[in-house]
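Structure, as structure tokens:
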Amino acid sequence: GDRVSVDRTVLIGRNPGSDVTFEGELPRLIRLSEDKHLSRTHCIIQVSGWTASVVDHGSQNGTVLQVPGRPPELLRAGVPTVVLPGSDIVLAEAVTLRFEVA
């Protein structure tokens, strides 16, 4: 699949959009598909220093974080959860994203 640099806040979903800045920068917008199971803005990846966190944006069908060696974790809306390299982020049981460090 495609690789996307997570060097600033990233909004991910069916049709994300924002005119809100995060730490003075517009977020990177990742449009995944027109899959009806994905929310318009499904989740957000936030970067602070060397730490990245994923936040479910109140999605209809949920976001699951799968950290290697741990059971899958259904994220609560609005609660940031640290993402470790090699983790999978599963959106609405339809799309899987892999978080890696380059």
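One distance of note links CG of N61 with OG of S39; it measures 6.5 Å at 0.5 Å rounding. Between the NZ atom of K36 and the CZ atom of R14 there is a distance of 11.5 Å, given to the nearest 0.5 Å. Here the CD-OG1 distance, from Q46 to T51, works out to 11.5 Å after rounding to the nearest 0.5 Å. A distance of 13.5 Å separates CD of Q66 from CG of L97, quoted to the nearest 0.5 Å. We find the CD1-CD1 distance between I45 and I12 to be 4.0 Å, quoted to the nearest 0.5 Å. Atoms OG1 and CD1, on T9 and I44 in that order, are 8.0 Å from each other to the nearest 0.5 Å.
Connection of V83 to I30 is established within a shared hydrophobic cluster, with ILVMFWY side chains joined at heavy-atom distances below 4.5 Å, either directly or through further cluster members. Cluster membership check: F99 shares its hydrophobic cluster with V47, using side-chain heavy-atom separations under 4.5 Å among Ile, Leu, Val, Met, Phe, Trp and Tyr. Connection of V90 to L38 is not established within any shared hydrophobic cluster, with ILVMFWY side chains joined at heavy-atom distances below 4.5 Å, either directly or through further cluster members. Neither V6 nor L26 shares a network with the other; the hydrophobic side chains, linked directly or stepwise wherever heavy atoms of I, L, V, M, F, W or Y lie under 4.5 Å apart, form separate groups for each.
For L84, the side-chain contact (heavy atoms from CB on, under 4.5 Å) partners are V67, R70, V82, S87, not counting sequence neighbours. Applying the salt bridge (Lys or Arg N to Asp or Glu O under 4.0 Å) test to R28 and every residue at least two apart in sequence or in another chain returns D7. With sequence neighbours left out, S59 forms a side-chain hydrogen bond (donor to acceptor under 3.5 Å, both in side chains) with H42, D56. With sequence neighbours left out, P71 forms a side-chain contact (heavy atoms from CB on, under 4.5 Å) with no residue at all. Remark: P85 pairs with V101 by the side-chain contact (heavy atoms from CB on, under 4.5 Å) rule, at least two apart or across chains. Scored by the side-chain hydrogen bond (donor to acceptor under 3.5 Å, both in side chains) test, R31 finds N15 as partners (sequence neighbours excluded).
Contact detail for S5 and V10: the closest heavy-atom pair is O-CG2, 4.5 Å. Between L11 and P16, the shortest heavy-atom contact is O-CG, 3.8 Å. Scanning both residues, L91 and C43, for their nearest heavy atoms gives CD2-SG, 3.7 Å.
Pairs passing the salt bridge (Lys or Arg N to Asp or Glu O under 4.0 Å) check and including a residue from residues 40-53, sequence neighbours excluded, do not occur. Residue pairs meeting the salt bridge (Lys or Arg N to Asp or Glu O under 4.0 Å) criterion with at least one member in residues 93-102, sequence neighbours excluded: R3-E100, D88-R98.
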Determine all donor-acceptor pairs shorter than 3.5 Å in which one atom belongs to a side chain in residues 73-81; sequence neighbours excluded.
none

